[in-house]
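Down below is the structure, laid out as structure tokens.
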2 protein chains.
Amino acid sequence: MTGPTPAKPRVRDAEATQKRIMIAAKKEFARSGLGGSRVDDIAERAKANKRMIYHYFESKELLFQRVLEEAYTDIRSAERKLELDHLDAKSALEKLVRFTWKYYLDNPEFITLVNSENLHKAKHLKKSEVIHVVSRRLIDMVSGILDRGVSEGVFRENIDPVQLNITIAAISYYYLTNRFTGSIVFERDLMATEALEQRIAFNIETILRMVCKIND
Amino acid sequence: MTGPTPAKPRVRDAEATQKRIMIAAKKEFARSGLGGSRVDDIAERAKANKRMIYHYFESKELLFQRVLEEAYTDIRSAERKLELDHLDAKSALEKLVRFTWKYYLDNPEFITLVNSENLHKAKHLKKSEVIHVVSRRLIDMVSGILDRGVSEGVFRENIDPVQLNITIAAISYYYLTNRFTGSIVFERDLMATEALEQRIAFNIETILRMVCKIND
DNA sequence: CGGCGATGTAACGCTTCGGTTATTTAACGC
DNA sequence: GCGTTAAATAACCGAAGCGTTACATCGCCG
């Protein structure tokens with residue numbers, strides 16, 4: 001990707017400018033949503049000119065679509081790198097739950113982008129081509145773990161992989177996206193270190209008790 | 001509140017106007033978020049004048065705060081009307097899970113308002129006085145059910161009522177707030193009647209398996 | 001080395017939006 | 001009925017905000 005001439009410093013670099021715009025846009029969209037973000041702010045943050053945004057991305061909405069697509073392909077690609085196949089089913093599932101939690105925690109912009117997209121009834125994601133390919137692989141992964149768990153005799157039968165997938169995401173996603181109102185409603189700092197540790201432990205237990213035949 | 005003269009029809013009715021503004025604002029804020037909503041649109045929808053909004057509510061933000069507060073007191077008051085005390089612990093918990101699901105389903109604006117507030121880091125809810133009172137009652141309610149379940153010998157001990165509360169909300173909330181992107185990612189209509197029935201069943205099972213000592 | 005497309009800058013235009021001012025009109029006590 | 005106060009309207013203002021236009025400059029290839 002860096003090309004055959006990495007030593008040659010280019011003053012004008014189309015690729016680098018686009019990347020800076022994407023990174024800046026992701027941050028801005030995550031901070032303020034699609035409607036709340038300002039194109040001028042994105043340009044400034046990207047150390048680029050507003051004209052460049054329209055040159056490379058055509059419109060604010062198309063830029064948002066690109067950012068959103070990248071966010072989805074990024075998380076799906078990280079999931080695939082987990083290499084869960086060589087683990088026993090229970091360990092694989094626990095690792096997936098842990099991964100999901102940590103990914104949301106480390107990449108809070110993913111959550112905000114998805115929230116913003118749902119406020120717009122997924123009109124941008126609808127136009128995306130790649131989304132189906134990467135999504136199917138995730139479902140297949142969970143489906144595979146479930147099947148393996150049944151063969152091993154540790155998981156219950158006939159669990160819908162989609163429902164499980166949604167639940168794994170839900171228990172981490174909700175906690176983190178609503179951390180501000182949640183900290184007020186429940187009168188405790190949900191982002192304190194011990195609170196976070198307590199939550200991931202609770203989440204693992206929730207999922208394992210859901211799928212496992214026997215619970216200690 | 002209606003006063004001693006309910007039969008007398010008043011052309012100018014401060015109370016009614018304020019109520020119309022609140023209802024209109026709730027719809028608009030739910031549809032577009034705080035940033036995406038337009039004060040003019042709220043005024044039009046309320047069949048009032050923009051000046052009236054500023055007269056009664058001072059600013060767009062304070063109007064949002066009032067709408068948000070009302071949304072919270074509404075759901076908490078509905079929860080209290082459930083009368084779960086006379087039920088056995090397991091039935092009470094199942095009823096609460098069903099209620100939460102149905103409430104989010106019937107009042108989608110609650111979810112969008114909370115999302116919008118979290119995008120703003122709960123700056124409006126922070127200023128609210130009533131929120132703590134109504135929230136504490138919810139936690140006490142779940143805490144009571146858990147205690148009763150332990151006495152009855154059906155629930156496990158030492159389950160954190162706050163974590164359980166969060167999880168009950170999460171598994172319904174996430175499914176519904178992300179129904180648009182979810183329907184694309186999972187390639188099925190998450191809002192189809194059978195899909196909704198499947199989900200509530202899955203959610204009840206998730207919660208009961210989490211707290212119950214023995215699962216069939 | 002010269003021209004041409006790709007990369008970049010700056011300033012502007014037209015609309016929208018939150019909030020205000022000026023003005024009108026209904027209700028109600030006296 | 002009449003004057004005062006509260007309720008309501010409409011026209012307006014300044015600031016943003018998205019997107020464009022006009023203009024400059026770099027790099028590359030013939």
Side-chain angles (χ1 to χ4, degrees), chain A residues 2-25 27-29 31-67 116 120 123-124, chain B residues 1-29 31-68 116 119-120 123-124:
Chain A
T2 48
T5 55
K8 201 178 187 177
R10 283 204 293 161
V11 181
R12 344 185 95 192
D13 189 333
E15 209 175 313
T17 304
Q18 289 179 52
K19 193 154 206 166
R20 285 204 319 277
I21 291 173
M22 284 286 284
I23 291 168
K27 281 183 190 160
E28 280 296 317
F29 287 141
R31 214 170 58 98
S32 318
L34 171 56
S37 293
R38 303 293 153 234
V39 179
D40 293 270
D41 294 353
I42 295 171
E44 194 179 359
R45 193 192 275 264
K47 278 172 201 157
N49 191 279
K50 194 162 53 156
R51 175 70 180 75
M52 291 293 91
I53 292 178
Y54 288 95
H55 179 61
Y56 291 125
F57 299 95
E58 196 156 338
S59 71
K60 188 186 178 185
E61 298 234 341
L62 280 173
L63 174 59
F64 180 80
Q65 189 180 322
R66 289 278 303 275
V67 167
S116 196
H120 293 87
K123 62 179 282 202
H124 310 94
Chain B
M1 277 292 168
T2 48
T5 55
K8 202 177 188 177
R10 284 204 294 162
V11 180
R12 347 183 89 192
D13 189 333
E15 211 175 311
T17 304
Q18 288 179 52
K19 195 153 204 166
R20 286 204 316 278
I21 292 172
M22 284 286 284
I23 292 168
K26 184 180 276 186
K27 282 183 190 159
E28 279 296 317
F29 286 141
R31 213 170 59 99
S32 319
L34 170 57
S37 294
R38 302 295 153 233
V39 178
D40 294 88
D41 294 353
I42 294 171
E44 194 180 359
R45 191 192 276 264
K47 280 172 199 155
N49 191 278
K50 191 162 57 153
R51 178 71 182 76
M52 291 293 92
I53 292 178
Y54 288 95
H55 180 60
Y56 291 123
F57 299 94
E58 196 155 339
S59 71
K60 186 186 179 186
E61 297 233 341
L62 280 173
L63 175 58
F64 181 80
Q65 189 180 323
R66 289 280 301 276
V67 167
L68 187 70
S116 194
L119 186 61
H120 293 87
K123 63 179 281 202
H124 310 94

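Throughout, a chain's letter reflects where its sequence line sits, starting with A, and its residues are numbered from 1.
Side chain of A:R66 to main chain of A:M22: no donor-acceptor pair is present (N/O by atom type, distance under 3.5 Å, no hydrogens or angles).
When each of A:N49 and B:K50 is assigned the nucleotide of DNA chain D bearing its nearest heavy atom, the one mapping closer to the 5' terminus is B:K50.
Rounding to whole angstrom units, CG of residue B:L63 and C1' of C:dG19 are separated by 14 Å. Computed from coordinates, the A:D40 CG to D:dA16 C1' distance equals 9 Å when rounded to whole Å. Look at NZ on B:K60: it is 14 Å from P on C:dT20, rounded to the nearest Å. Rounded to whole angstrom, the span from the CG atom of B:L62 across to the P atom of C:dG18 amounts to 15 Å. Atom CD1 of A:I53 is separated from atom P of D:dC18 by 10 Å (rounded to the nearest Å). The CD-P distance, from B:E44 to D:dA8, rounds to 17 Å in whole Å. Atom CZ in A:F29 sits about 9 Å away from atom P in D:dC18, given to the nearest Å. Atom pair B:R51:CZ and D:dC13:P shows a separation of 17 Å (rounding to whole Å applied).
The side chain of A:S59 places no N or O atom within less than 4.0 Å of a non-bridging phosphate oxygen (OP1 or OP2) of D:dC18. Phosphate contact (OP1/OP2 of D:dA16, side-chain N/O of A:R38, threshold under 4.0 Å): absent. Checking the phosphate oxygens (OP1, OP2) of C:dG8, a side-chain nitrogen or oxygen of A:Y56 falls inside 4.0 Å. The shortest distance between the side-chain N/O atoms of B:H55 and the OP1/OP2 oxygens of D:dA7 is below 4.0 Å.
Annotation: the span from B:N49 atom CG to B:H55 atom NE2 amounts to 12.0 Å, rounded to 0.5 Å. Interatomic distance, CD of B:E28 versus CG of B:D40, reported as 10.5 Å (0.5 Å rounding). Considering CG of B:L68 and NE2 of B:H124, their distance stands at 8.5 Å, rounded to 0.5 Å.
The side chain of B:Y54 approaches C:dG19 more closely than any other nucleotide in the set D:dT20, C:dG8, C:dG19.
In this pair, B:F64 and B:H120 present their aromatic rings tilted. The plane angle is within the 30 to 60° band.
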